[in-house]
Every structure is written in C-alpha cells, then in structure tokens.
Amino acid sequence: MSEATTVAVPRAENCVKGAPYRIVSRETHAEFRGNQRTREVSIGGVTVGGARPVVIAGPCAVEGFDQTLAIARACQAAGADMLRGGAFKPRTSPYDFQGLGRAGLEILAAAREETGLPIVTEALDPRDVAEVAEVADCIQIGARSMQNFALLREVGQAGLPVLLKRHWAATLSEWLCAAEYIAVEGNLDIVLCERGIRSFTAGSYNRSTLDLNVIDALRRETFLPVFVDPSHGTGDDRIVPGASLAGIASGAHGLIIEVIAEATDKETPLCDGEQSIRPAVLRKIIEDVQSWVRTSSRGRR
Ligand code: PEP
Ligand code: MN
C-alpha cells in the first residue's frame with residue numbers, strides 16, 4: 001500500500017475495544033478529569049471556552065460583496081465577536097444555491113479586512129480544505145458532513161480550529177467520535193455546536209428541536225467548548241432570542257447566529273432568510289447574554 005493510501009491513526013495495534021473516543025474524553029486527561037474545566041480555543045485572537053460567551057454572527061450564505069459587507073459591519077456594531085458565512089453551502093437539493101465558492105472566500109477576506117472580525121466558514125469537500133484554510137480563522141463542518149471521515153481527517157491536518165456541528169440524528173457518542181477523527185490528526189482545537197435534532201415537530205412549528213440537554217451531558221463527557229446554533233436549531237427568527245438565552249443558561253460557551261441586514265426582506269436571501277434575525281435583535285441578544293452571565297454564577301464555572 002502506498003504512503004498516500006495508508007490510513008493515518010489509530011493503527012490496528014492501537015485499537016481499543018469499548019473506547020470509541022479517547023483523546024476528546026475528559027477521563028483521559030488528568031487536568032480535566034473530575035472537574036468542569038474547558039480547554040480554551042483561540043480563534044483569530046478570540047478566546048472560546050472561557051467565562052465570556054462568544055457570539056459568531058453573519059449571513060447563512062455569502063451571496064455578494066455588498067450583502068456580506070453590510071451584514072459584517074452591522075454584526076460588528078451589534079457586538080459580535082466573529083463573522084460567519086458560507087462560501088460552500090451544503091444544500092439538501094442540488095438545485096438550491098450552492099454558494100459562491102472561491103469568490104465567496106474572497107468576499108469574506110474583504111469583510112475581515114474591514115471589520116477585523118475572525119471568519120468562520122464551512123468546508124464541504126476535502127479537496128477544498130486548503131483553499132478554505134487560506135481565508136478561514138475557523139473551519140466549520142456542517143451537520144450533513146459530521147460523518148464525512150475523509151473531510152474530518154483533512155481539517156484535522158489544516159492547522160486551524162474547527163467548529164463541528166452535530167448531525168440532526170447523531171448521538172452524543174457519534175458526535176464525539178467525529179471530533180475524535182479530527183483529534184487523532186493532532187488537532188484539539190475543536191468547538192462542538194448543537195444545531196437541533198430531528199423530531200416529530202419538524203415542519204410544524206419549527207425546523208429542528210434544539211437539544212439543550214446535550215450541553216450539560218457534553219460538558220461532563222468532554223473538555224471541548226460547546227456552542228449552540230439557535231438559527232438552525234429553531235428555523236424561526238421569532239424563537240431565536242429565547243433559544244439563544246436558553247443555550248447560554250444551559251452552559252454553552254457561545255452562539256452562532258444567522259443575520260440579515262436591517263432593511264432586507266426575509267424572502268430576499270437565497271438561504272435561510274426565515275430564521276435570520278436583524279442586527280437590532282442581535283444586539284439585544286448579546287446584551288441579554290452579557291447581563292445574564294454577570295448576574296449568574298456561570299462566570300465562575
Ligand atoms: C449553516 O450553518 O449554514 C448550516 C448549513 O448549518 P447546518 O450544517 O447545521 O445545517
Ligand atoms: Mn443556514
């Protein structure tokens with residue numbers, strides 16, 4: 001077998017039955033065993049996993065220069081810490097907008113240049129990881145890609161933090177196994193993101209059921225920071241403010257939220273307009289989160 005086709009790690013002699021994930025397990029590391037400490041991850045100079053919740057905000061998809069720059073400026077003014085936006089979009093239908101690709105990455109680079117906000121953007125295909133890594137401060141792995149093991153190994157080698165979203169049908173163990181694929185490549189800068197699971201309510205009053213119970217369970221099981229995505233987790237901008245606060249109150253270290261410009265009609269975006277909030281709402285969420293953290297005991301955790 002050639003070098004290129006050899007699966008890296010773990011090698012057969014390292015395999016352990018009954019230990020589906022090890023590196024990302026709290027139990028494995030003396031400094032995290034039996035406590036609630038989180039291993040902090042630095043994304044473009046922003047500390048994730050500390051006492052201060054971090055907010056990533058921006059459009060679902062990069063649809064154009066003016067659209068992205070306007071939203072980036074508004075998110076920054078509202079107090080967001082990082083900019084999100086997909087250049088490569090994982091769409092359920094092949095006929096839906098698939099993203100601007102490389103042109104979208106260039107727009108994100110321009111948005112960072114102007115606002116200084118670190119960029120979180122998705123890689124969909126192992127062949128695109130190097131190109132995404134040239135612009136991203138953190139590579140997002142979307143829910144649909146959570147078990148794309150070739151992609152997980154590739155981002156594990158990219159030398160950048162990874163935001164790993166949970167598939168809507170993944171158990172906690174399957175999710176942490178996906179994180180382990182990144183970790184075995186030598187990258188522990190992983191941030192987990194709960195983005196809603198599939199339940200019988202889908203399509204009635206929401207798109208997903210935000211599984212807030214998993215946050216505390218994860219924090220007991222791993223030292224990796226945990227985020228909540230109230231946008232995909234609800235599918236409805238009216239539920240996003242409450243879900244954001246509930247996520248932080250449940251122990252999440254941060255939020256990733258979809259935003260549209262103040263004057264944009266909800267029908268205008270090619271992707272996820274119905275669940276995107278406006279900048280004024282984002283500002284209020286950030287203020288409420290900060291005030292909740294100040295007055296709760298969470299900051300001491
Ligand atoms: C997104 O963040 O725009 C996205 C596609 O999310 P998910 O992978 O959670 O569906
Ligand atoms: Mn989206």
Side-chain angles (χ1 to χ4, degrees), residues 43 55-63 67-68 71-72 75 80 82-94 96-101 104-105 107-108 119-125 128 132 136-148 151-152 155 161-170 174-175 178-179 190-199 202-203 206-212 214-215 226-237 239-240 243-244 247 252 254-261 264 266-278 282:
I43 301 179
V55 176
I56 306 167
C60 173
V62 175
E63 297 185 18
Q67 170 249 14
T68 303
I71 297 174
C75 288
M82 297 184 216
L83 180 68
R84 62 148 290 146
F88 296 94
K89 291 304 301 176
R91 303 308 301 278
T92 301
S93 166
D96 285 336
F97 176 59
Q98 305 287 310
L100 298 178
L105 294 175
I107 293 170
L108 288 169
I119 302 294
V120 180
T121 194
E122 179 158 355
L124 257 186
D125 187 315
D128 296 329
V132 171
D137 295 283
C138 174
I139 302 178
Q140 177 174 324
I141 297 297
R144 292 160 188 77
S145 300
M146 192 204 86
Q147 284 186 321
N148 181 339
L151 181 61
L152 296 173
V155 298
V162 178
L163 182 81
L164 178 63
K165 290 187 142 197
R166 178 192 195 178
H167 187 270
W168 51 80
E174 287 163 345
W175 190 7
I190 304 164
V191 179
L192 302 166
C193 180
E194 159 60 27
R195 48 79 68 211
I197 54 174
R198 174 69 52 85
S199 83
N206 61 9
R207 172 178 178 176
S208 306
T209 297
L210 191 58
D211 181 12
L212 295 175
V214 83
I215 299 167
V226 185
F227 269 45
V228 159
D229 174 348
S231 307
H232 297 86
T234 63
D236 185 332
D237 67 307
I239 314 178
V240 167
S244 298
L255 303 167
I256 178 165
I257 307 179
E258 290 185 339
V259 176
I260 54 174
T264 304
K266 298 199 84 56
E267 305 302 318
T268 306
L270 293 168
C271 195
D272 287 349
E274 66 291 347
Q275 65 190 33
S276 299
I277 57 166
R278 298 219 159 76
L282 177 67

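Note that this is a predicted model, so its numbers are computed, not measured. Atom set for the values below is all heavy atoms of this structure, side chains included, hydrogens, waters and symmetry mates excluded. In each ligand, atom 1 is the first atom listed, and ligand 1 is the first ligand listed.
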Under 4.0 Å between a side-chain nitrogen and a carboxylate oxygen: does that hold for R91 and D96? yes
Under the 3.5 angstrom rule, does the side chain of K266 hit a backbone N or O of Q275 as a donor-acceptor pair? no
Okay, side chain of Q98, backbone of P90: is any donor-acceptor separation there less than 3.5 Å? no
Using salt bridge (Lys or Arg N to Asp or Glu O under 4.0 Å), reason through R278 and D237 one step at a time and then give a plain yes or no. CA-CA 9 Å; R278 298 219 159 76; D237 67 307; 5.8 Å; no
For ligand 1, list the protein residues that place a heavy atom within a distance below 4.0 Å of one of its atoms, sorted by chain and number. C60, R84, K89, P90, Q140, G142, A143, R144, K165, R195, H232, E258
Can a donor-acceptor pair be found between the side chains of H167 and Q147 at a distance below 3.5 Å? no
Hey, is the main chain of L210 close enough, under 3.5 Å, to the side chain of S208 for a donor-acceptor pair? no
SB check R84 E258 (cutoff 4.0 Å): yes
Which N, O or S atoms belonging to the protein are less than 2.8 Å from the Mn ion (ligand 2)? C60 SG, H232 NE2, E258 OE2, D272 OD2
Any salt bridge linking K165 with D229? Criterion: basic side-chain nitrogen under 4.0 Å from a carboxylate oxygen. yes
For D211 and R166: C-alpha separation, side-chain torsions, deciding distance, then whether salt bridge (Lys or Arg N to Asp or Glu O under 4.0 Å) applies. CA-CA 10 Å; D211 181 12; R166 178 192 195 178; 2.8 Å; yes
